Every structure is written in structure tokens, then in C-alpha cells.
Amino acid sequence: PDSRLKQVLETSLDSLDGIYAKALELATPSSTEADRTNFSQRFRRIVGAIVLSFDSLSSLSIKCLLEDERNRDEFNHKVVKDTLNRLRSVLYIPDGAASVVTVVHTSFRDFLTNPTRCTKPEFQIKEEEGHEHLFHRCIAVMEKVLRKNICDLESPGTRIVKRREKADGSEVVDTSDIFESIAPHVRYACRFWVDHLLQVKNKPKLFEAALRFLRGHFLHWLEVLGLIGKTSEGITAITSLESSSKSYPDLNGFAYDAKRFALYNRSVIEEEPLQ
């Protein structure tokens with residue numbers, strides 16, 4: 001850190017953009033060209049998830065969201081942490097794996113997503129491409145994890161409370177049990193997959209993926225939103241999906257029916273929201 005600070009201070013920098021560019025240059029491995037290329041690819045995915053997400057993510061959630069069967073070595077938790085640790089001058093990275101990672105200042109996000117400011121392609125975050133990738137990762141996570149009765153509750157009328165207790169002999173479940181069964185990256189995917197889709201202009205392939213997911217997991221998705229107290233967000237999401245898919249009749253019709261179903265059942269699903 002001392003030597004890097006000295007390098008920055010000895011460099012003539014006319015603007016904040018220059019400081020960011022120098023910080024990223026110093027964070028890049030200097031060993032081989034292959035190492036630099038691999039770092040820039042990981043940078044765009046990992047930091048892209050941080051600056052384009054609609055809620056803060058931890059290093060573990062980033063790993064779980066980005067990792068799949070094809071890239072386990074590329075996005076395991078150690079690799080994600082090692083990549084982030086090189087960027088402590090521009091990112092706030094707590095020690096705990098479950099603690100959220102954030103940019104030190106919002107201007108860094110603006111710098112990365114503006115190609116006229118961030119002139120080096122290896123560090124540019126292309127917003128539409130990034131949102132499309134995160135949409136597909138959200139869909140993949142949900143298709144892998146969501147199932148009927150994800151929390152293995154004994155009764156469909158189970159109440160959600162702050163602490164486990166028995167009321168009139170009925171089953172109750174506390175919020176910690178909910179959060180153990182539904183991991184943070186799964187909760188993120190359920191809440192924001194539609195938001196990522198809406199940021200992409202060319203949507204036909206995304207609409208196909210959305211319709212496939214809804215046909216297989218609509219009730220499972222709605223169940224999770226009810227358990228975490230976010231059914232209203234789901235209704236907003238499905239309404240936005242309906243409005244944006246008018247040129248794709250199959251999805252538009254499904255979204256219309258799904259919205260009516262969710263609205264009709266909202267009072268039942270969220271009768272005992274998380275407190």
C-alpha cells in the first residue's frame with residue numbers, strides 16, 4: 001500500500017478519473033499477459049455485479065451468483081476475494097464473507113460505466129451486457145434452487161415471527177430459519193431478476209428465458225417472496241414484465257394472469273410478513 005500510494009502521488013493526475021485509472025493500473029497483476037487478461041475478465045464480472053446490482057452483495061453472494069458448473073475455478077470464493085482485495089483503494093471490502101461489498105464513492109461506478117471517462121476497455125463495465133449476464137445468472141440460480149415448500153414447513157398456514165413460539169397450537173417459524181433456507185443470493189435473484197431484464201433493449205431471448213422460468217417456477221418464486229415479505233415487489237415486477245412484453249404474446253398473457261393471481265392472493269400470502 002505504501003509504495004502504491006507513493007506511485008499515485010508522484011503521478012501527475014488532472015482529475016478524479018486519472019486517480020481511478022492509476023489505481024486500477026496498479027491493481028492489475030504485472031506477472032504475465034495471461035494473468036492480466038484473466039484479471040480484467042474477472043474484474044468486469046465481479047465488479048460489474050457490484051456496480052450494477054440493485055442491492056448490496058457480499059463476496060460470498062457474488063461468488064454464488066456468478067459461479068456455475070463451467071466456471072467453478074474462475075469464480076470460486078478464493079478467486080473472488082483475491083480479485084476484490086486488489087481493489088481496496090476503490091472498494092469497501094469488510095472481512096466477513098457475508099458482509100456486503102460497496103464502492104468507496106458513487107463516482108467510481110459512474111467512471112466504470114462511462115467509456116468516455118474510463119478509456120481502457122479492460123476496465124469498462126458495459127451496462128446492458130452486464131445486466132443481461134446478471135439476468136441469466138439470476139434465472140439459473142432460481143431454476144436450480146426454487147422448489148415447493150422451500151423451507152420444509154409442516155403447514156401451508158405457518159406464521160412467520162421474529163422468534164419461534166407456539167400460538168394456539170399452530171406451527172410458526174422465525175426469520176432466522178427463513179434466512180437459513182433461502183440464501184442471500186437466492187433472495188437477491190428472486191427480487192431483482194426482472195429489474196435486470198428491463199435494463200436490456202434487445203429482449204426476445206430474455207423473454208423466452210423468463211417465460212420458461214415462470215412456467216416452471218412461478219408458484220415457487222411467489223412463495224419465496226411471501227416468506228421474505230416481498231410479495232408486493234413481485235407484483236410490481238410481474239406488472240413491469242407484462243407492460244414490456246406486449247410484442248411477445250405468450251409471456252404477456254402469462255404475466256397478465258400471474259399478476260391477477262398474485263393480486264388476488266396477496267392478502268393471504270403476506271398475512272404475516274417479516275417484521
Side-chain angles (χ1 to χ4, degrees), residues 40-58 61-68 71 75 91 100-103 105-118 121-144 146 184-214 217-218 221-222 224-225 228 230-252 254-256 258-259 262:
S40 66
Q41 291 173 344
R42 293 195 303 271
F43 173 91
R44 290 194 296 273
R45 287 301 185 211
I46 295 170
V47 179
I50 295 169
V51 302
L52 298 179
S53 64
F54 293 97
D55 197 9
S56 298
L57 297 167
S58 67
S61 291
I62 294 169
K63 171 258 183 190
C64 292
L65 198 58
L66 297 180
E67 183 184 59
D68 61 27
N71 64 16
F75 290 106
L91 298 176
V100 299
V101 180
T102 56
V103 295
H105 196 276
T106 54
S107 60
F108 182 58
R109 179 198 183 280
D110 299 334
F111 166 76
L112 291 176
T113 56
N114 188 337
T116 62
R117 295 178 60 187
C118 181
E122 61 266 33
F123 298 125
Q124 292 173 358
I125 305 296
K126 298 179 180 179
E127 292 191 69
E128 190 167 347
E129 178 184 300
H131 282 297
E132 182 172 355
H133 180 71
L134 288 171
F135 162 78
H136 285 297
R137 293 308 310 146
C138 287
I139 291 290
V141 164
M142 293 188 295
E143 288 184 331
K144 180 179 180 180
L146 297 193
H185 72 286
V186 178
R187 298 198 296 269
Y188 179 88
C190 288
R191 292 180 62 194
F192 298 114
W193 65 276
V194 173
D195 295 275
H196 287 297
L197 181 153
L198 296 176
Q199 300 301 312
V200 182
K201 294 179 182 177
N202 189 17
K203 295 184 175 67
K205 290 185 178 180
L206 278 64
F207 283 157
E208 292 176 11
L211 181 59
R212 181 186 68 245
F213 164 72
L214 288 171
H217 295 284
F218 170 66
W221 172 61
L222 203 62
V224 169
L225 293 177
I228 65 175
K230 301 296 182 182
T231 303
S232 294
E233 287 188 11
I235 293 172
T236 299
I238 210 72
T239 301
S240 298
L241 193 60
E242 179 197 5
S243 299
S244 65
S245 62
K246 293 180 180 178
S247 60
Y248 196 79
D250 289 346
L251 177 59
N252 185 258
F254 193 105
Y256 173 77
K259 179 185 69 174

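Bear in mind the structure is a predicted one, so any value in this text is a computation, not a measurement.
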Cut-off 3.5 Å, side chains only: do Thr116 and Asn114 have a donor facing an acceptor?
yes

So do the side chains of Phe108 and Leu91 get within less than 4.5 Å of each other, counting heavy atoms only?
yes

Do you know the tightest heavy-atom contact between Glu127 and Arg109?
OE1-NH2, 3.4 Å

Locate the shortest heavy-atom distance separating Ser56 from Thr102; write the atom from each residue and the value.
OG-CG2, 3.8 Å

Check step by step if side chain to side chain contact (heavy atoms under 4.5 Å, CB included) holds for Glu242 and Tyr256.
CA-CA 6 Å; Glu242 179 197 5; Tyr256 173 77; 3.3 Å; yes

For Ser240 against Leu198, the heavy-atom pair lying closest together:
CB-CD1, 3.7 Å

Would you check if there is a donor-acceptor pair between the side chains of Ser61 and Ser58 at a distance under 3.5 Å?
yes

What I'd like to find out is whether the side chain of Phe218 reaches to under 4.5 Å of the side chain of Phe254, using heavy atoms alone.
yes

To the closest 0.5 Å, what do you measure between CZ (Arg45) and OG (Ser40)?
11.5 Å

Side chain to side chain contact (heavy atoms under 4.5 Å, CB included) evaluation trace for His217 with Glu143
CA-CA 7 Å; His217 295 284; Glu143 288 184 331; 4.1 Å; yes

Close side-chain approach of Leu57 and Val101, heavy atoms under 4.5 Å
no

Quick one: does Phe192's side chain get under 4.5 Å of Arg187's, heavy atoms only?
no

Closest heavy-atom pair and its distance - Asn202, Leu206:
O-CD1, 4.3 Å

Do Leu251 and Leu214 come within less than 4.5 Å of each other through their side chains, counting heavy atoms only?
yes

Tightest non-hydrogen contact, residues Asp110 and Arg117, listed as CB-NH1, 3.5 Å

Given Leu241, which partner from the list Leu211, Thr236, Leu197 fulfils the side-chain contact (heavy atoms from CB on, under 4.5 Å) test?
Leu197

Tyr188 side chain reached by Trp193 side chain, heavy atoms, under 4.5 Å:
no

Assess the residue pair Leu225 and Glu233 against the criterion (side chain to side chain contact (heavy atoms under 4.5 Å, CB included)); give the C-alpha distance rounded to whole Å, side-chain angles, the decisive distance to 0.1 Å, and a yes or no.
CA-CA 8 Å; Leu225 293 177; Glu233 287 188 11; 5.5 Å; no

Asp250 side, atom CG; Ser245 side, atom OG - distance, nearest 0.5 Å:
10.0 Å

Donor-acceptor pairs under 3.5 angstrom involving side-chain atoms of residues 129-139: please list them, not counting sequence neighbours.
unit_1	atom_1	unit_2	atom_2	d
His131	ND1	His196	ND1	3.0
Arg137	NE	Leu65	O	2.8
Arg137	NH2	Glu67	O	2.8

Rounded distance [0.5 Å steps], CZ in Phe123 versus SG in Cys118
7.5 Å

Using side-chain heavy atoms (C-beta onward) and a distance below 4.5 Å, is Phe43 in contact with Leu112?
yes

Closest heavy-atom pair and its distance - Arg44, Pro121
NH1-O, 4.0 Å

Tell me, with the steps shown, if Ser247 and Asn252 meet side chain to side chain contact (heavy atoms under 4.5 Å, CB included).
CA-CA 8 Å; Ser247 60; Asn252 185 258; over 6 Å; no

Are the side chains of Lys203 and Tyr248 in touch, meaning some heavy atoms are under 4.5 Å apart?
no

